[in-house]
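Right, one structure below, let's go through it.
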Amino acid sequence: MRDRQTRPHFVATAADVKRSPACVLLIHGGELGRRVELTGGEITIGRDEENAIHVELETISRRHARIFPRGGAHFIEDLESTNGTFINEKEIAEATQLHNGDLIRCGGAVLKFIEGGNIEALYHEEIYRLTISDGLTQLANKRHFVDFLEREIARAARHARPLTLVIFDVDEFKALNDEFGHLAGDRVLQGIASVVAKEVRRDELFARYGGDEFAIVLPETNVEDAVVFCERIRRAVESEAFDYDGEPLRATITLGAAAAGADESYEGLIARADAQLYRAKEEGRNRVSGE
């Protein structure tokens with residue numbers, strides 16, 4: 001049960017407002033890429049339009065949280081919201097200082113706190129990152145995945161080297177969302193991304209392909225070794241419990257793997273990996289199929 005006791009609110013002084021430039025950037029949910037400068041007093045985040053950061057999501061309270069200056073730094077405080085306020089996936093119980101790069105989650109929205117000597121450079125760097133990354137999981141997004149896959153197919157063909165594509169999704173994900181809500185679904189997606197990312201090497205690419213579907217590009221890997229890799233991450237996900245509001249949620253994944261053929265397009269390779277995924281689903285889910 002979330003603590004509903006009223007907590008004291010800090011009040012910013014004029015001296016607190018005189019601080020280094022900072023801003024927050026919306027990276028998931030709502031108007032992606034929206035930037036809000038922290039140049040005055042406090043700002044609030046919430047569903048109502050009068051909030052400086054207004055996000056129309058049902059998972060966000062009308063006045064969800066506030067960011068305010070104090071002692072030359074910025075702090076964030078939850079305003080007794082329904083779904084809580086999190087920094088880097090840890091729920092805050094009191095006013096908490098923000099540091100450059102912190103990820104703030106309010107309901108289904110994720111924002112990034114940016115501060116530093118060259119705020120413009122940092123901001124534009126984050127905008128670029130937003131074009132190639134998924135805001136929820138911090139993985140590569142579909143656009144980056146397609147670009148990377150095209151390059152790797154060409155490289156594999158040029159040097160006659162193996163390349164395998166893995167596609168997987170979360171079993172019965174809609175049922176999980178229906179039973180526990182979309183915030184629980186988001187938590188499971190984040191958890192799975194974190195578990196699997198530990199097994200992905202630097203020269204490989206792990207991406208969120210869309211919804212609950214993920215893709216992994218494995219250069220220098222034949223399909224037999226890819227299936228062994230898939231079994232390892234399948235077992236890792238199956239054995240993990242993802243905490244959501246104190247309740248452990250479990251999930252399984254089904255995976256399909258396909259090796260790149262000669263003169264194959266990226267669309268053809270995706271289609272064949274997808275076919276293996278659905279073959280595994282037809283055989284009972286929580287398993288791997290490869291060709």
Side-chain angles (χ1 to χ4, degrees), residues 1-116 119-120 122-124 126-127 129-131 134-136 177 181-187 190 244-245:
M1 178 71 73
R2 201 180 305 283
D3 182 8
R4 291 297 178 193
Q5 292 182 349
T6 301
R7 296 184 290 272
H9 285 193
F10 291 108
V11 178
T13 66
D16 291 327
V17 177
K18 296 178 181 178
R19 62 198 184 282
S20 299
C23 69
V24 287
L25 181 67
L26 187 60
I27 65 173
H28 179 75
E31 187 183 348
L32 297 186
R34 184 185 173 197
R35 169 185 179 178
V36 177
E37 299 279 356
L38 303 178
T39 56
E42 75 170 42
I43 66 166
T44 56
I45 305 167
R47 198 168 72 245
D48 282 350
E49 292 184 2
E50 65 265 20
N51 293 285
I53 303 176
H54 165 229
V55 185
E56 290 187 6
L57 294 176
E58 288 301 316
T59 51
I60 295 181
S61 297
R62 296 185 183 280
R63 290 185 79 251
H64 195 107
R66 71 177 187 128
I67 298 174
F68 61 95
R70 183 174 175 83
H74 286 90
F75 288 74
I76 187 167
E77 180 180 35
D78 184 72
L79 298 178
E80 300 185 1
S81 66
T82 300
N83 292 312
T85 299
F86 297 74
I87 299 178
N88 303 323
E89 287 311 308
K90 292 183 179 179
E91 187 171 11
I92 62 172
E94 58 187 14
T96 303
Q97 185 176 347
L98 291 167
H99 299 91
N100 186 47
D102 278 348
L103 296 179
I104 303 165
R105 179 162 64 83
C106 299
V110 180
L111 305 100
K112 190 162 191 173
F113 176 72
I114 303 172
E115 68 174 353
I119 193 71
E120 285 299 319
L122 291 170
Y123 167 70
H124 289 293
E126 287 304 324
I127 288 294
R129 195 190 308 274
L130 191 58
T131 67
D134 172 60
L136 179 67
N177 270 338
H182 289 283
L183 289 183
D186 285 352
R187 178 68 192 96
Q190 289 173 314
Y244 173 68
D245 203 14

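Because the structure is a prediction, the values reported are computed rather than measured. Here, residue 1 is the first one in the sequence, and each next residue gets the next number.
Atom-to-atom distance recorded for Tyr244:OH and Gln190:CD is 11.5 Å, nearest 0.5 angstrom. For the atom pair Leu130 CG and Lys112 NZ, the distance stands at 10.0 Å (nearest 0.5 Å). Between the CG atom in Leu136 and the CG atom in Asp186 there is a gap of 4.5 Å [rounded to 0.5 Å]. Distance CG/Leu32 to CD1/Ile27: 9.0 Å, rounded to 0.5 Å. Summarising the geometry, atom NE2 belonging to His124 is positioned 10.5 Å from atom CD1 belonging to Ile119; distances are rounded to the nearest 0.5 Å. How far CD1 of Ile127 is from CZ of Arg129: 11.5 Å, rounded to the nearest 0.5 Å.
The closest donor-acceptor contact from the side chain of Asn88 to the backbone of Leu103 lies under 3.5 Å. Judged by distance alone, the side chain of Thr59 and the main-chain N or O of Gly108 form a donor-acceptor pair under 3.5 Å.
In this structure, Gln97 and Arg70 have side chains that are not in contact, with every pair of non-hydrogen atoms separated by 4.5 Å or more. Between Asp78 and His64, some side-chain heavy-atom pair lies under the 4.5 Å cut-off. Side chains of Thr85 and Thr96 form no contact here, defined as non-hydrogen atoms less than 4.5 Å apart. For the pair Asn100 and Ile114, the minimum side-chain heavy-atom distance is below 4.5 Å. Phe113 places a side-chain heavy atom less than 4.5 Å from the side chain of Leu38. Looking only at side-chain heavy atoms (C-beta outward), Ile45 and Asn51 stay at 4.5 Å or farther from each other.
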### Query
Does the pair Glu89 and Arg187 meet the rule for a side chain to side chain contact (heavy atoms under 4.5 Å, CB included), with working shown?
CA-CA 9 Å; Glu89 287 311 308; Arg187 178 68 192 96; 4.2 Å; yes

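Across Gly185 and Asn177, no two heavy atoms sit closer than the pair CA-OD1, 3.3 Å. Asn83 approaches Gly107 most closely through the heavy-atom pair CB-CA, 4.5 Å. Taking both residues in full, the closest heavy atoms of Thr44 and Glu42 are given as CG2-OE2, 4.0 Å, listed atom of the first, atom of the second, then distance. A pairwise comparison of heavy atoms in Phe75 and Ala73 identifies CE1-CB, 4.1 Å as the closest pair. Pairing each heavy atom of Ile60 with each of Ala109, the nearest pair is CD1-CB, 3.7 Å. Contact between Leu98 and Ile76 at its shortest, heavy atoms only, is CD2-CG2, 3.9 Å.
Residue pairs that meet the salt bridge (charged side-chain N to carboxylate O under 4.0 Å, His left out) test with at least one member in residues 44-61, sequence neighbours left out, are Asp48-Arg62.
Residues Glu77 and Arg63 are not paired through a salt bridge, judged by the lack of any N-O separation under 4.0 Å between the basic side chain and the carboxylate.
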